Visitor: 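There's a structure below that I have some questions on.
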There are 2 protein chains.
Amino acid sequence: MPDAPLSLDPVQLGVYFDLIEVTSLLRHTVEQQLREAGDLSYVQFQLLARLGDSPTGSHRMTDLADGVVYSRSGLTYQAGLLEKAGLVVRAPSPDDERSITVTITDAGRARLADVLPGHIEVVGGLLFEPLSRENVEALAGLLAPVRDHMRSTPPRSAAPRRRAKGE
Amino acid sequence: MPDAPLSLDPVQLGVYFDLIEVTSLLRHTVEQQLREAGDLSYVQFQLLARLGDSPTGSHRMTDLADGVVYSRSGLTYQAGLLEKAGLVVRAPSPDDERSITVTITDAGRARLADVLPGHIEVVGGLLFEPLSRENVEALAGLLAPVRDHMRSTPPRSAAPRRRAKGE
DNA sequence: TATTGTTATACTCTATAACTATA
DNA sequence: TATAGTTATAGAGTATAACAATA
(Lines give C-alpha, C1' and ligand atoms only; values in the text may rest on other atoms or scores of the structure.)
Protein backbone atom coordinates (compact mmCIF):
# COMPACT_ATOMS: atom_id res chain seq x y z
CA MET A 1 0.00 0.00 0.00
CA PRO A 2 2.31 2.72 -1.22
CA ASP A 3 -0.44 5.22 -0.79
CA ALA A 4 1.41 7.71 1.36
CA PRO A 5 5.08 8.01 0.51
CA LEU A 6 7.12 9.38 3.37
CA SER A 7 9.43 11.36 1.20
CA LEU A 8 10.01 12.62 -2.30
CA ASP A 9 13.23 11.93 -4.10
CA PRO A 10 15.17 14.89 -5.51
CA VAL A 11 13.78 14.44 -9.01
CA GLN A 12 10.22 14.43 -7.73
CA LEU A 13 10.93 17.47 -5.64
CA GLY A 14 12.31 19.25 -8.66
CA VAL A 15 9.27 18.39 -10.72
CA TYR A 16 6.96 19.61 -7.99
CA PHE A 17 8.81 22.91 -7.60
CA ASP A 18 9.07 23.48 -11.32
CA LEU A 19 5.41 22.74 -11.75
CA ILE A 20 4.45 25.27 -9.13
CA GLU A 21 6.82 27.89 -10.45
CA VAL A 22 5.85 27.43 -14.06
CA THR A 23 2.13 27.50 -13.51
CA SER A 24 2.34 30.41 -11.08
CA LEU A 25 4.17 32.50 -13.63
CA LEU A 26 1.91 31.39 -16.43
CA ARG A 27 -1.21 32.08 -14.47
CA HIS A 28 -0.02 35.43 -13.25
CA THR A 29 0.85 36.54 -16.75
CA VAL A 30 -2.37 35.26 -18.20
CA GLU A 31 -4.36 36.99 -15.50
CA GLN A 32 -2.79 40.30 -16.36
CA GLN A 33 -3.51 39.79 -20.02
CA LEU A 34 -7.14 38.89 -19.37
CA ARG A 35 -7.60 41.86 -17.08
CA GLU A 36 -6.08 44.28 -19.54
CA ALA A 37 -7.60 42.89 -22.69
CA GLY A 38 -11.08 42.19 -21.40
CA ASP A 39 -11.39 43.08 -17.72
CA LEU A 40 -11.84 39.43 -16.80
CA SER A 41 -10.45 37.44 -13.93
CA TYR A 42 -9.16 34.00 -14.72
CA VAL A 43 -12.14 32.32 -13.13
CA GLN A 44 -14.51 34.49 -15.13
CA PHE A 45 -12.63 33.61 -18.28
CA GLN A 46 -12.86 29.92 -17.47
CA LEU A 47 -16.58 30.20 -16.95
CA LEU A 48 -17.10 32.09 -20.18
CA ALA A 49 -14.90 29.67 -22.07
CA ARG A 50 -16.86 26.71 -20.77
CA LEU A 51 -20.13 28.26 -21.79
CA GLY A 52 -18.71 29.23 -25.15
CA ASP A 53 -17.59 25.66 -25.73
CA SER A 54 -20.98 24.22 -24.97
CA PRO A 55 -23.17 23.51 -28.00
CA THR A 56 -26.05 25.28 -26.32
CA GLY A 57 -23.97 28.02 -24.77
CA SER A 58 -25.44 26.97 -21.46
CA HIS A 59 -24.66 25.04 -18.32
CA ARG A 60 -26.31 24.48 -15.00
CA MET A 61 -24.73 26.29 -12.08
CA THR A 62 -23.69 23.04 -10.50
CA ASP A 63 -21.97 21.82 -13.64
CA LEU A 64 -20.11 25.09 -13.90
CA ALA A 65 -18.92 24.84 -10.35
CA ASP A 66 -17.17 21.54 -10.92
CA GLY A 67 -13.51 22.12 -11.48
CA VAL A 68 -13.65 25.87 -11.82
CA VAL A 69 -14.76 27.02 -8.43
CA TYR A 70 -14.63 25.31 -5.09
CA SER A 71 -17.72 26.65 -3.41
CA ARG A 72 -21.28 27.31 -4.45
CA SER A 73 -21.29 30.82 -3.12
CA GLY A 74 -18.15 31.59 -5.05
CA LEU A 75 -19.86 30.64 -8.25
CA THR A 76 -22.93 32.66 -7.40
CA TYR A 77 -20.66 35.64 -6.86
CA GLN A 78 -18.83 35.23 -10.14
CA ALA A 79 -21.97 34.49 -12.12
CA GLY A 80 -23.46 37.62 -10.61
CA LEU A 81 -20.53 39.67 -11.83
CA LEU A 82 -20.73 38.19 -15.31
CA GLU A 83 -24.45 38.80 -15.45
CA LYS A 84 -24.06 42.36 -14.25
CA ALA A 85 -21.58 42.86 -17.06
CA GLY A 86 -24.08 41.45 -19.55
CA LEU A 87 -21.85 38.54 -20.49
CA VAL A 88 -24.18 35.80 -19.29
CA VAL A 89 -27.84 35.37 -18.45
CA ARG A 90 -29.32 33.27 -15.69
CA ALA A 91 -32.71 31.63 -16.00
CA PRO A 92 -34.52 28.85 -14.18
CA SER A 93 -34.03 25.47 -15.81
CA PRO A 94 -37.06 24.08 -17.62
CA ASP A 95 -36.79 20.52 -16.33
CA ASP A 96 -35.62 21.02 -12.77
CA GLU A 97 -37.11 24.03 -11.07
CA ARG A 98 -34.32 24.10 -8.54
CA SER A 99 -31.63 24.55 -11.13
CA ILE A 100 -30.44 27.70 -12.81
CA THR A 101 -29.24 27.62 -16.40
CA VAL A 102 -26.47 30.03 -17.23
CA THR A 103 -26.17 31.09 -20.85
CA ILE A 104 -23.49 33.12 -22.53
CA THR A 105 -24.73 36.20 -24.39
CA ASP A 106 -23.52 37.64 -27.67
CA ALA A 107 -21.63 40.22 -25.64
CA GLY A 108 -20.05 37.36 -23.73
CA ARG A 109 -18.91 35.70 -26.92
CA ALA A 110 -17.60 39.01 -28.18
CA ARG A 111 -15.65 39.51 -24.98
CA LEU A 112 -14.23 36.05 -25.34
CA ALA A 113 -13.19 36.88 -28.88
CA ASP A 114 -11.54 40.07 -27.64
CA VAL A 115 -9.47 38.19 -25.16
CA LEU A 116 -8.59 34.95 -26.88
CA PRO A 117 -5.89 36.07 -29.32
CA GLY A 118 -3.80 37.63 -26.58
CA HIS A 119 -4.47 34.67 -24.36
CA ILE A 120 -3.19 32.26 -26.98
CA GLU A 121 -0.25 34.50 -27.59
CA VAL A 122 0.78 34.48 -23.95
CA VAL A 123 0.35 30.74 -23.52
CA GLY A 124 2.14 30.01 -26.76
CA GLY A 125 5.00 32.34 -26.07
CA LEU A 126 5.48 31.43 -22.46
CA LEU A 127 4.66 27.76 -22.20
CA PHE A 128 5.13 26.24 -25.63
CA GLU A 129 7.95 28.20 -27.16
CA PRO A 130 10.69 25.99 -25.70
CA LEU A 131 8.83 22.77 -26.50
CA SER A 132 8.92 20.78 -29.71
CA ARG A 133 5.93 18.98 -31.08
CA GLU A 134 7.27 15.73 -29.64
CA ASN A 135 7.79 17.39 -26.31
CA VAL A 136 4.21 18.59 -26.23
CA GLU A 137 2.95 15.13 -27.03
CA ALA A 138 5.11 13.61 -24.35
CA LEU A 139 3.82 16.16 -21.87
CA ALA A 140 0.26 15.38 -22.84
CA GLY A 141 0.90 11.72 -22.21
CA LEU A 142 2.30 12.43 -18.77
CA LEU A 143 -0.32 14.90 -17.63
CA ALA A 144 -3.34 12.88 -18.68
CA PRO A 145 -2.92 10.11 -16.11
CA VAL A 146 -2.21 12.64 -13.39
CA ARG A 147 -5.32 14.56 -14.31
CA ASP A 148 -7.43 11.41 -14.33
CA HIS A 149 -6.01 10.31 -11.04
CA MET A 150 -6.76 13.62 -9.41
CA ARG A 151 -10.28 13.66 -10.78
CA SER A 152 -10.92 10.26 -9.34
CA THR A 153 -9.38 11.11 -6.01
CA PRO A 154 -11.83 12.59 -3.52
CA PRO A 155 -10.38 15.48 -1.54
CA ARG A 156 -10.00 13.08 1.35
CA SER A 157 -6.27 13.03 0.79
CA ALA A 158 -6.18 16.52 2.13
CA ALA A 159 -7.21 15.55 5.62
CA PRO A 160 -6.32 11.92 6.27
CA ARG A 161 -6.42 12.24 10.02
CA ARG A 162 -8.54 14.17 12.45
CA ARG A 163 -11.85 12.61 11.72
CA ALA A 164 -13.03 11.10 14.93
CA LYS A 165 -16.23 12.93 15.75
CA GLY A 166 -18.80 15.02 13.98
CA GLU A 167 -17.22 16.26 10.84
CA MET B 1 10.05 34.81 -35.84
CA PRO B 2 7.57 32.35 -34.40
CA ASP B 3 7.34 34.44 -31.27
CA ALA B 4 3.57 34.86 -31.17
CA PRO B 5 1.69 31.83 -32.49
CA LEU B 6 -1.79 32.69 -33.63
CA SER B 7 -3.30 29.48 -32.43
CA LEU B 8 -2.67 26.40 -30.37
CA ASP B 9 -3.15 22.97 -31.82
CA PRO B 10 -5.45 20.55 -29.98
CA VAL B 11 -2.59 18.79 -28.24
CA GLN B 12 -1.19 22.04 -26.95
CA LEU B 13 -4.62 23.09 -25.81
CA GLY B 14 -5.02 19.83 -23.95
CA VAL B 15 -1.67 20.24 -22.26
CA TYR B 16 -2.52 23.77 -21.23
CA PHE B 17 -5.90 22.79 -19.79
CA ASP B 18 -4.53 19.75 -18.02
CA LEU B 19 -1.73 21.79 -16.56
CA ILE B 20 -4.14 24.34 -15.17
CA GLU B 21 -6.51 21.71 -13.85
CA VAL B 22 -3.82 19.59 -12.27
CA THR B 23 -2.02 22.41 -10.55
CA SER B 24 -5.24 24.02 -9.39
CA LEU B 25 -6.34 20.83 -7.72
CA LEU B 26 -2.90 20.18 -6.30
CA ARG B 27 -2.56 23.67 -4.95
CA HIS B 28 -6.02 23.70 -3.48
CA THR B 29 -5.45 20.43 -1.69
CA VAL B 30 -2.03 21.44 -0.46
CA GLU B 31 -3.39 24.72 0.80
CA GLN B 32 -5.98 22.94 2.89
CA GLN B 33 -3.36 20.64 4.31
CA LEU B 34 -1.05 23.51 5.20
CA ARG B 35 -3.85 25.44 6.81
CA GLU B 36 -5.03 22.51 8.86
CA ALA B 37 -1.64 21.13 9.81
CA GLY B 38 0.13 24.37 10.52
CA ASP B 39 -2.13 27.35 9.92
CA LEU B 40 -0.03 28.48 6.99
CA SER B 41 -1.01 29.84 3.62
CA TYR B 42 0.86 28.52 0.64
CA VAL B 43 2.82 31.72 0.25
CA GLN B 44 3.80 31.64 3.90
CA PHE B 45 4.91 28.06 3.51
CA GLN B 46 6.99 28.96 0.48
CA LEU B 47 8.68 31.76 2.36
CA LEU B 48 9.42 29.55 5.35
CA ALA B 49 10.68 26.78 3.12
CA ARG B 50 13.03 29.14 1.33
CA LEU B 51 14.44 30.42 4.58
CA GLY B 52 14.73 26.90 5.93
CA ASP B 53 16.66 25.87 2.85
CA SER B 54 19.13 28.69 3.16
CA PRO B 55 22.40 27.82 4.93
CA THR B 56 22.04 30.89 7.08
CA GLY B 57 18.30 30.63 7.52
CA SER B 58 18.12 34.16 6.15
CA HIS B 59 17.28 36.11 3.04
CA ARG B 60 16.88 39.73 2.16
CA MET B 61 13.31 40.86 1.57
CA THR B 62 13.98 41.52 -2.07
CA ASP B 63 15.42 38.06 -2.62
CA LEU B 64 12.40 36.53 -0.95
CA ALA B 65 10.06 38.47 -3.15
CA ASP B 66 11.46 37.04 -6.35
CA GLY B 67 9.32 34.18 -7.52
CA VAL B 68 7.15 33.90 -4.45
CA VAL B 69 5.33 37.18 -4.34
CA TYR B 70 4.62 39.71 -7.03
CA SER B 71 4.65 42.95 -5.10
CA ARG B 72 6.80 44.41 -2.36
CA SER B 73 3.87 45.30 -0.20
CA GLY B 74 2.58 41.78 -0.45
CA LEU B 75 5.80 40.45 0.94
CA THR B 76 5.82 43.02 3.72
CA TYR B 77 2.34 41.88 4.63
CA GLN B 78 3.23 38.20 4.69
CA ALA B 79 6.51 38.75 6.49
CA GLY B 80 4.60 40.75 9.07
CA LEU B 81 2.23 37.85 9.63
CA LEU B 82 5.09 35.39 9.96
CA GLU B 83 6.90 37.65 12.37
CA LYS B 84 3.80 38.20 14.44
CA ALA B 85 3.50 34.44 14.68
CA GLY B 86 7.11 34.19 15.83
CA LEU B 87 8.17 32.14 12.84
CA VAL B 88 10.65 34.66 11.44
CA VAL B 89 12.57 37.68 12.64
CA ARG B 90 13.34 40.82 10.70
CA ALA B 91 16.47 42.83 11.28
CA PRO B 92 18.35 45.49 9.35
CA SER B 93 21.06 44.07 7.14
CA PRO B 94 24.63 44.73 8.31
CA ASP B 95 26.05 45.64 4.92
CA ASP B 96 23.23 47.57 3.32
CA GLU B 97 21.29 49.71 5.74
CA ARG B 98 18.34 49.84 3.38
CA SER B 99 17.86 46.12 3.38
CA ILE B 100 16.05 43.95 5.86
CA THR B 101 17.26 40.45 6.60
CA VAL B 102 14.56 37.93 7.37
CA THR B 103 15.59 34.93 9.44
CA ILE B 104 13.63 31.83 10.30
CA THR B 105 13.31 31.11 14.03
CA ASP B 106 13.38 27.78 15.81
CA ALA B 107 9.64 28.02 16.03
CA GLY B 108 9.58 28.57 12.29
CA ARG B 109 11.62 25.45 11.70
CA ALA B 110 9.39 23.54 14.06
CA ARG B 111 6.32 24.69 12.20
CA LEU B 112 7.90 23.62 8.97
CA ALA B 113 8.58 20.22 10.46
CA ASP B 114 4.96 19.98 11.59
CA VAL B 115 3.71 20.60 8.13
CA LEU B 116 6.16 18.83 5.86
CA PRO B 117 5.13 15.19 6.33
CA GLY B 118 1.54 15.89 5.39
CA HIS B 119 2.67 18.10 2.57
CA ILE B 120 4.83 15.36 1.11
CA GLU B 121 2.01 12.93 1.58
CA VAL B 122 -0.41 15.05 -0.40
CA VAL B 123 2.00 15.77 -3.21
CA GLY B 124 3.11 12.17 -3.40
CA GLY B 125 -0.38 10.77 -3.33
CA LEU B 126 -1.91 13.26 -5.70
CA LEU B 127 0.79 14.10 -8.20
CA PHE B 128 3.23 11.23 -8.24
CA GLU B 129 1.13 8.18 -7.57
CA PRO B 130 0.24 7.62 -11.24
CA LEU B 131 3.79 8.32 -12.45
CA SER B 132 6.64 5.86 -12.75
CA ARG B 133 10.21 6.80 -12.08
CA GLU B 134 10.79 7.14 -15.81
CA ASN B 135 7.74 9.31 -16.11
CA VAL B 136 8.98 11.62 -13.41
CA GLU B 137 12.34 11.94 -15.09
CA ALA B 138 10.71 12.65 -18.42
CA LEU B 139 8.54 15.29 -16.79
CA ALA B 140 11.58 16.86 -15.18
CA GLY B 141 13.25 17.06 -18.55
CA LEU B 142 10.23 18.76 -20.08
CA LEU B 143 9.56 21.24 -17.32
CA ALA B 144 13.13 22.43 -16.90
CA PRO B 145 13.36 24.23 -20.25
CA VAL B 146 9.95 25.77 -19.75
CA ARG B 147 10.98 27.00 -16.33
CA ASP B 148 14.22 28.44 -17.67
CA HIS B 149 12.45 30.09 -20.54
CA MET B 150 9.91 31.69 -18.25
CA ARG B 151 12.59 32.91 -15.89
CA SER B 152 14.43 34.54 -18.74
CA THR B 153 11.29 36.07 -20.19
CA PRO B 154 10.47 39.49 -18.81
CA PRO B 155 6.76 39.98 -18.15
CA ARG B 156 6.64 42.00 -21.36
CA SER B 157 4.84 39.14 -23.04
CA ALA B 158 1.85 39.98 -20.94
CA ALA B 159 1.21 43.30 -22.58
CA PRO B 160 2.61 43.34 -26.09
CA ARG B 161 0.46 46.17 -27.30
CA ARG B 162 -0.97 49.32 -25.77
CA ARG B 163 2.25 51.01 -24.87
CA ALA B 164 2.21 54.24 -26.76
CA LYS B 165 2.23 56.86 -24.07
CA GLY B 166 3.12 57.16 -20.41
CA GLU B 167 2.79 53.68 -19.09
C1' DT C 1 18.61 59.61 -8.66
C1' DA C 2 17.78 54.71 -7.71
C1' DT C 3 16.81 51.19 -4.41
C1' DT C 4 14.75 49.05 -0.14
C1' DG C 5 11.03 48.54 2.48
C1' DT C 6 6.69 50.19 4.86
C1' DT C 7 2.10 52.11 5.18
C1' DA C 8 -2.54 53.36 3.92
C1' DT C 9 -6.07 52.16 1.31
C1' DA C 10 -9.15 50.03 -1.56
C1' DC C 11 -10.56 46.09 -3.84
C1' DT C 12 -11.17 41.22 -5.30
C1' DC C 13 -11.98 36.87 -4.11
C1' DT C 14 -13.25 32.98 -1.18
C1' DA C 15 -15.64 30.34 2.24
C1' DT C 16 -19.00 29.31 6.06
C1' DA C 17 -23.40 29.21 7.72
C1' DA C 18 -28.13 30.24 7.55
C1' DC C 19 -31.84 30.38 4.50
C1' DT C 20 -35.43 29.46 0.63
C1' DA C 21 -37.40 26.52 -2.62
C1' DT C 22 -37.97 22.47 -5.26
C1' DA C 23 -37.40 17.03 -5.93
C1' DT D 1 -34.59 14.26 3.53
C1' DA D 2 -31.54 15.78 -0.15
C1' DT D 3 -30.35 18.98 -3.69
C1' DA D 4 -29.82 23.80 -6.04
C1' DG D 5 -28.87 28.19 -5.39
C1' DT D 6 -28.64 32.70 -2.83
C1' DT D 7 -27.38 35.84 0.81
C1' DA D 8 -24.90 37.84 4.57
C1' DT D 9 -20.84 38.21 6.44
C1' DA D 10 -16.31 37.95 7.58
C1' DG D 11 -11.56 37.20 6.51
C1' DA D 12 -7.42 36.62 3.66
C1' DG D 13 -4.75 38.29 0.11
C1' DT D 14 -3.16 41.58 -3.37
C1' DA D 15 -1.82 45.78 -5.59
C1' DT D 16 -1.15 50.86 -6.15
C1' DA D 17 0.57 54.96 -4.70
C1' DA D 18 2.69 57.88 -1.42
C1' DC D 19 6.24 57.84 1.74
C1' DA D 20 10.92 57.57 4.45
C1' DA D 21 15.57 56.23 4.52
C1' DT D 22 19.81 54.73 2.66
C1' DA D 23 23.25 54.06 -1.51
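Bear in mind the structure is a predicted one, so any value in this text is a computation, not a measurement. The chains referred to below are lettered A, B, ... by the order of the sequence lines, with proteins before strands, and numbering in each begins at 1.
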Visitor: Figure out the CD/C1' separation between B/Q32 and D/dA12, and round it to whole Å.
Guide: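 From B/Q32 CD to D/dA12 C1': 15 Å.
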Visitor: Thinking salt bridges, do A/E21 and B/R147 make one under a 4.0 Å N-O criterion?
Guide: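 Not counted as a salt bridge, because no side-chain N and carboxylate O are separated by less than 4.0 Å.
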Visitor: Measure from CZ on A/R98 to C1' on C/dT22 and round the result to the nearest Å.
Guide: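 So the two atoms are 6 Å apart, to the nearest Å.
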Visitor: Compute whether any side-chain donor of one residue and acceptor of the other, for B/T101 and B/S93, lie under 3.5 angstrom apart.
Guide: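 The answer is yes; a qualifying pair exists.
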Visitor: How long is the line joining CG of B/L82 and P of C/dT6, in whole Å?
Guide: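 Answer to the nearest Å: 12 Å.
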Visitor: Please pick, from D/dG5, C/dT22, D/dT22, the nucleotide with the shortest atom-to-atom distance to any side-chain atom of A/M61.
Guide: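 Out of D/dG5, C/dT22, D/dT22, the nucleotide with an atom closest to A/M61's side chain is D/dG5.
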Visitor: Charged N to carboxylate O below 4.0 Å: is that the case for A/R109 and A/D106?
Guide: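 A salt bridge is absent here (no side-chain N lies under 4.0 Å from a carboxylate O).
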Visitor: Taking NE2 from A/H59 and C1' from D/dA4, how many angstroms apart are they, rounded to a whole number?
Guide: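 It works out to 17 Å between those atoms.
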Visitor: For B/E97 and for A/R90, locate the closest nucleotide of DNA chain D by heavy-atom distance; then report the residue assigned to the nucleotide nearer the 5' terminus.
Guide: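 Result of the comparison: A/R90.
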Visitor: What integer distance in Å separates B/L75:CG from D/dT14:P?
Guide: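 So the two atoms are 10 Å apart, to the nearest Å.
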Visitor: Please state how far atom CZ in B/R60 lies from atom C1' in C/dT6, giving the value in whole angstrom units.
Guide: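 In whole Å, C/dT6 C1' lies 16 Å from B/R60 CZ.
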Visitor: Anything under 3.5 Å between a protein N or O and an N or O of nucleotides 13-15 of chain C, put it in a table, one pair a line.
Guide:
from   : atom 1 : to    : atom 2 : distance (Å)
C/dC13 : OP1    : A/R35 : NH2    : 3.0
C/dC13 : OP1    : A/S41 : OG     : 3.4
C/dT14 : OP2    : A/Q78 : NE2    : 3.2
C/dA15 : OP1    : B/H28 : NE2    : 3.4
C/dA15 : OP2    : A/S71 : OG     : 3.2
C/dA15 : N7     : A/S73 : OG     : 3.0

Visitor: Once ring pair (Phe, Tyr, Trp, His ring centres under 6.0 Å) is applied, do any residues pair with A/F17, and if so which ones, sequence neighbours excluded?
Guide: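 Checked A/F17 against ring pair (Phe, Tyr, Trp, His ring centres under 6.0 Å); zero matches.
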Visitor: Nearest whole Å is fine: how far is D/dG13 C1' from B/R72 CZ?
Guide: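 Whole-Å distance recorded here is 19 Å.
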Visitor: What is the distance from CD1 of A/I100 to P of C/dT20, rounded to the nearest Å?
Guide: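 Going from A/I100 (CD1) to C/dT20 (P), I get 17 Å.
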Visitor: Find out whether B/T76 and B/M61 are in side-chain contact, i.e. whether some heavy atom of one side chain is under 4.5 Å from a heavy atom of the other.
Guide: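 The answer is yes; the side chains approach within 4.5 Å.
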Visitor: Are B/F128 and A/H149 close enough that their ring centers fall under 6.0 Å?
Guide: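 Distance test on ring centres: not under 6.0 Å, no.
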Visitor: Counting the atoms with a prime plus P, OP1 and OP2 as sugar-phosphate, which does A/S99 contact under 4.0 Å by heavy atoms, base, sugar-phosphate, or nothing?
Guide: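 Counting heavy atoms under 4.0 Å across all strands, the contact made by A/S99 is with sugar-phosphate only.
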Visitor: Report the relative orientation of the aromatic rings in B/Y70 and A/H28; use parallel for angles under 30°, tilted for 30 to 60°, perpendicular for over 60°.
Guide: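 Taking A/H28 first and then B/Y70, their aromatic rings lie parallel (interplane angle under 30°).
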